[in-house]
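Side chains are part of it too, since the values below use all heavy atoms of this structure and drop only hydrogens, waters and symmetry mates.
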There are 2 protein chains.
Amino acid sequence: MNDHPSLTLATFAAQLDFDSIPTEVVERTVNLYVDWLGSALAGKGARPVETIARFARLAGAANGNGPSEVLIDRTRTTPYFAAMINGAASHFAEQDDVHNGSVFHPATVVFPVALALAQARRASGREFIAAAVAGYEVGIRIGEFLGRSHYKVFHTTGTVGTVAAAATAGRLLGLSPAQMLDAFGSAGTQASGLWEFLRAAADSKQLHTAMAAANGLMAAQLAADGFKGATHILEGAQGMAAGMSSDADPARLTDRLGSRWATAETSFKYHAACRHTHPAADALLSVVQTHRLAPREIAKVVAHVHQGAIDVLGPVVTPRTVHQAKFNMGTVLGLVAHHGYAGVTEFEQGFDASEIAAFRDKVTMALDAEVDGAYPARWIGKVTVTTNDGRVFAGRVDEPKGDPGNTLSRDEIATKLHRLAAFSGAASEAEAAQLLGTAWQVAGQPQLGSVFGASAKAAVAA
Amino acid sequence: MNDHPSLTLATFAAQLDFDSIPTEVVERTVNLYVDWLGSALAGKGARPVETIARFARLAGAANGNGPSEVLIDRTRTTPYFAAMINGAASHFAEQDDVHNGSVFHPATVVFPVALALAQARRASGREFIAAAVAGYEVGIRIGEFLGRSHYKVFHTTGTVGTVAAAATAGRLLGLSPAQMLDAFGSAGTQASGLWEFLRAAADSKQLHTAMAAANGLMAAQLAADGFKGATHILEGAQGMAAGMSSDADPARLTDRLGSRWATAETSFKYHAACRHTHPAADALLSVVQTHRLAPREIAKVVAHVHQGAIDVLGPVVTPRTVHQAKFNMGTVLGLVAHHGYAGVTEFEQGFDASEIAAFRDKVTMALDAEVDGAYPARWIGKVTVTTNDGRVFAGRVDEPKGDPGNTLSRDEIATKLHRLAAFSGAASEAEAAQLLGTAWQVAGQPQLGSVFGASAKAAVAA
């Protein structure tokens, strides 16, 4: 088999060893895992998530106990269905992580698979971390490879996420490089997810992450059993890029593998909204705080954005649901102006309050050459705020809160998890504290146990 | 909700009534069903099919008995996994039906879902037929809508098949038009399947049909439970056509709904090879029979084909597997020249025999303006045969065997099923005969029972 980008990337994923991952990348990966747990817990009770969970039970998940934990209800099932349900749950609150350059949300497709399979195989924390990093490194590079044209129509986390999930699953299954390439082939040919749902306030986002996780896991399990996949699924003449991109750059697939750790470039989400709103939200916050402006003093806000923000956020003019509101720049800026934060509670309790709706109508987006040129490598936030009495303020942030240079501390991540668990009711404060205690130690666990408790502690003690 | 093509099509599928389907279309649908049963049985023992079946058992299919029958091993499971496994099985032998104009194989994604859900819901034969016709009519129109550009990279049976399967499932679940539209949305956003696998002799074709059936069924079950889908998934600005076609024609989506019965335009496959080889195969057969040519007398064959044939068949130069051989024009023409037929047994026993390989090297494909212009509405077969002693014969068929104007009789369909069942060992001759007896009567069954016997007969007697 001749060398080519898909094979190089598959070989890297198959052979990635825990000891070759720098300590700071391991630590960041643990942070990303704990951050993901909060997002997975936050999905409890959400209608689309619970609907997918009911479907899974109908399809076979409820038939007997499996080894893998479903975080929203603490049942256990097969890795396939656990990955599906946890994948559905962890993208709902829009609080899960994002990699800027690839516009890809890795955690929600990688960790459901890593956790489900690690529990099933009694893998160590080191294997768990290596598998997660394999998924991040693979997914981020494929997202960058497919480029901006892909993201205009396709939900990268659904499409690319399938292959990232396969990389994580394949690493935990101990696939050879050739088998990993098979897994990529079976995953890539199932890659799907269209943005069209946003216009209709539909539930597809949960379906995309659920099935990216489940299909990626399936692809790796099939490969372990000899099922052959396309060997050039990424860059081939009838592969993913050929079908779903017009500006693909194969060099990105193998960009500094093993020396550039893309995992550590991943941003945490501070606000519970589409990441495209965060730079402007932080820029507005700096103006409001610096000049002590009350929302009612503001006459107009122009958010200076990149084209991708207009593509994704543009279709949502008057949000009718919390989920749509997370994709509406005016609503997010309104919440930030009023509360200093756009979190799950702020959305749930007030996205359609009259003062937020009034603020929303003061906000417009404008394409900005500097912001657009820097994107997606950097997500610069710029706003122009005009007050009722005619003052004009320019606000700017170069790295929105949560980006690698402005990352969240472990305390902030823990606070976020507590807030999300309380919001959904998935865990009491004491349970969340206990779960956090275990989760921060994940890399040292000889066998991955239960997220919620007893067996995990037993494994650590063993 | 304003009227638009996706809604019109969804409404048609949701409201399609058995009594509105002309008798001859019902009869043809029964023939297509029986023809599909043969293809599903033929998948028994095939490595990719059995691998998917093992995956399904691992994922949850084996946990207890379900209502739906798996035809390759006569186990029962949930509708989801039965659809997945029967979908994987029925496309393997390349003997399942095809609709020319849409280049779509309806049976392998429609009937796995129709059978699984009808068994689970104890639906009548009339409901079963109406649901199958809904899937055919929807899938064929979406395939035509997405056009030739889609098929150049995407395996239409995988992509469009997901929505066709959703239509069939939605009809059996009694979805309202709005719910059916939701099902289309959830199915369309999962639509996937890339041709890249063919180059590597990979197993993805079985994965495509398995998951089109399973995902389509999932989409409809989700919709029945209130899960929202994109309302313009087909023709919207970030929908299927936007992402996966450059020549989509929305008028095709609603072309003569209720008066044009696209189901009855579907062709049966006579040869066990990619349909793109059939026109030339029949044209060669006419030359060989008319002029009584022995294969060794032939020096050269030029198959005059449409561009789609070159796109799909071109990458396979030297077939290494039976499956690849079915996508190699030279091998198919070699089998036809030697045996008068390219069936499953002919492929299995001799695709790489020296005389077939020698014949293969005499065959070339050439793009033909007339053939290409008529395609995909008509699949004209033209060959030019040159003998060793310099004679040149032109062969032509206007409708290859199995096309609507040259369709298979019920006797021919039964013979094909017996041959496929014997090939795979999925049923003895007596079992196949009994199964056929039940299957021809499917439209009159008050409750769909077991394909293999007792309960089906009991239902008829009830």
Within-4.5 Å side-chain heavy-atom neighbours: A/Leu58 and B/Thr78: no

Where A/Ala200 and B/Ala230 come nearest, the two heavy atoms and their spacing: CB-CA, 4.3 Å

Of all of A/Leu207, A/Ile52, A/Ile233, which one pairs up most often with chain B through heavy atoms under 4.5 Å apart? A/Leu207

Below 4.5 Å, heavy-atom pairs only: which of A/Ala201, A/Gly239, A/Pro315, A/Pro79 has the largest tally toward chain B? A/Gly239

Engaged part of A/Phe227 at the chain B interface, taking heavy atoms whose separation is under 4.5 Å: both

Relative to the ring of B/Tyr80, is the ring of A/Phe81 parallel (under 30°), tilted (30 to 60°) or perpendicular (over 60°)? tilted

Taking side chain to side chain donor-acceptor pair (under 3.5 Å) as the criterion, tell me which of B/His155, B/His208, B/Lys205 meets it with A/Thr189. B/His208

Side chain to side chain contact (heavy atoms under 4.5 Å, CB included) between A/Met84 and B/Met218, worked out: CA-CA 12 Å; A/Met84 188 186 291; B/Met218 177 191 197; 4.2 Å; yes

When the 4.5 angstrom heavy-atom criterion is applied to A/Ala191 and chain B, the contacting part is backbone

Residue list, side-chain contact (heavy atoms from CB on, under 4.5 Å) with A/Ala223, at least two apart or on another chain: A/Leu175, A/Asp182, A/Ala183

Side chain A/Arg47, main chain B/Gly226, donor-acceptor under 3.5 Å: yes

Looking at A/Trp195, A/Phe154, A/Phe55, which has the largest count of heavy-atom pairs under 4.5 Å with chain B? A/Phe55

Which atom names give the shortest non-hydrogen contact between B/Lys152 and A/Gln238, and what distance separates them? O-NE2, 2.9 Å

Given B/Ser192, which partner from the list A/Gln190, A/Met211, A/Met244, A/Met240 fulfils the side chain to side chain contact (heavy atoms under 4.5 Å, CB included) test? A/Gln190

